[in-house]
Amino acid sequence: MSTSDGITAAGGWAVITGATGGLGASFARALAGEGRNVLLVGRNETALDGLATELTDRFRVSARPLVADLAEPSAVSDLVKQLNELDIDLLINNAGFAQHGPYEALDPAGQHDQLQVCVVALADLAQGIAPQLVRRGRGGMINVASTAAFQPTPYLAAYAASKAFVLSFSQALHDELQGKGVTVTALCPGPVMTGFWDQVGSTDAAFGQRLTADRVVAQGLDGFRRGQAVVVPGWRNLITAQANRIIPRRLAVKIAGLAVRPRGRA
Ligand SMILES: NC(=O)C1=CN([C@@H]2O[C@H](COP(=O)(O)OP(=O)(O)OC[C@H]3O[C@@H](n4cnc5c(N)ncnc54)[C@H](OP(=O)(O)O)[C@@H]3O)[C@@H](O)[C@H]2O)C=CC1
Ligand SMILES: CC(=O)[C@H](N)C(=O)O
């Protein structure tokens, strides 16, 4: 059985990082609902087990939980080895989190982990599976960036920079791999009310058009199937992203900082 994007439903696996909730769980449900086998990666074993059971029962697919802390370089290299023992068609590089606030007040270990998860692990996983995608000449990856990728963002400085990396990296890979039958898409959501914001601790930085996780995922998968390099769900988010490419960068930074500044703090 083969789906419209050429990804084999029977046998081929989709790997979803950050599958324990939010966008990742929504990707897992959408893909399993199409008959894909799914490998669910995250740290919360109970949540992964629960989702794997749900997907197996509902959709009669294989759903495997895989516990890994992507802030740990050795866990990422172990994961790459495991991925190469499977027939992977699709990588959803989704795990990530943000720290918000005045830079000097942010937890240094958290900042370091944020870069490990959002940048280093994402790039290592992409490179880990690229050879098998190219060898087969089909499938691809969706790398989850953000509307924060389009401009430097005060109070989300490292997070926005990490998402700018994801956007640039994905656009470059898209160009390299499209001639080899492999699609790479950067998905750039605006605010989605997931556990992400509980982890951030406030919604002060939730700037832009709010959409549900299911809608963001549906648009991401649709854009991927159309071979798009970049998907920005929501027309208002798309206009803001485009405007930030046109206006002077200094002005874009100022506006972003005003939009997401911590309320009630300096
Ligand atoms: N929500 C939003 O407004 C937006 C989100 N995004 C991006 O979307 C992606 C998904 O976020 P969202 O679903 O909203 O947030 P959630 O907090 O709901 O999900 C984040 C996922 O990332 C996983 N994760 C975090 N740290 C690690 C780690 N060290 N190792 C392994 N997995 C980890 C979490 O799993 P666990 O805790 O089990 O490890 C969880 O499954 C992120 O990359 C985020 O930056 C982009 C734009 C807007
Ligand atoms: C500031 C935002 O809402 C952004 N899309 C994100 O959190 O990644």
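We count ligands from 1, going down the list as the structure has it; atoms in each ligand are counted the same way.
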Per-residue contact class, [X] against ligand 1 - non-hydrogen pairs under 4.0 Å:
X	answer
Ala98	neither
Ala68	backbone
Lys163	side chain
Cys118	neither
Val117	side chain

Report summary line: Short version for Ala205: what comes under 4.0 Å of ligand 2, heavy atoms counted, is backbone

Query raised in the report: Does Tyr155 approach ligand 2 within less than 4.0 angstrom via side chain, backbone, both or neither, non-hydrogen atoms only?
Result: neither

For [atom], the protein heavy atom that lies nearest, with its residue and separation:
atom	value
atom 45 (O) of ligand 1	Tyr159 OH, 2.7 Å
atom 4 (C) of ligand 1	Gly190 O, 4.1 Å
atom 43 (O) of ligand 1	Asn94 O, 2.8 Å
atom 40 (C) of ligand 1	Thr20 OG1, 3.3 Å

Requested in this report: Consider ligand 2: state whether an atom of it lies below 4.0 angstrom from any non-hydrogen atom of Trp197.
Outcome: yes

Which atoms of ligand 2 are found less than 4.0 Å from any heavy atom of [X]?
X	answer
Pro191	3 (O), 5 (N)
Phe196	7 (O)
Ser146	4 (C), 5 (N), 6 (C), 8 (O)
Gly190	5 (N)
Thr147	4 (C), 5 (N)

Query raised in the report: Quick check: does Tyr159 get an N/O under 3.5 Å from an N/O on ligand 2?
Result: yes

Query raised in the report: Would one find an N or O of Ala148, backbone or side chain, under 3.5 Å from an N or O of ligand 2?
Result: no

Query - Nearest atoms (heavy-atom pairs only) where Val80 meets Asp124 - result: CG2-O, 3.9 Å

Taking N or O atoms only and a 3.5 Å limit, does [X] qualify as a polar contact for ligand 1?
X	value
Thr194	yes
Arg43	yes
Gly24	no
Phe196	yes

Query raised in the report: Looking at side-chain heavy atoms only, is the closest gap between Ser170 and Leu173 below 4.5 Å?
Result: no

Query raised in the report: Hey, mind stepping through Leu55 and Arg29 against side chain to side chain contact (heavy atoms under 4.5 Å, CB included) and telling me if it holds?
Result: CA-CA 7 Å; Leu55 300 180; Arg29 291 192 177 93; 3.9 Å; yes

Query raised in the report: Can the ring centroids of Tyr159 and Phe196 be said to lie less than 6.0 angstrom from one another?
Result: yes

Query raised in the report: Near Val144, which atoms of ligand 1 are under 4.0 Å from a heavy atom of that residue?
Result: 7 (C), 8 (O), 9 (C)

Report task. With sequence neighbours left out, write down each residue that passes ring-ring contact (aromatic ring centres under 6.0 Å, His included) with Phe207, or none if nothing qualifies. Result -> none

Query raised in the report: Same cluster or not: are Leu238 and Val144 linked, directly or through other Ile, Leu, Val, Met, Phe, Trp or Tyr residues, by side-chain heavy atoms under 4.5 angstrom apart?
Result: no

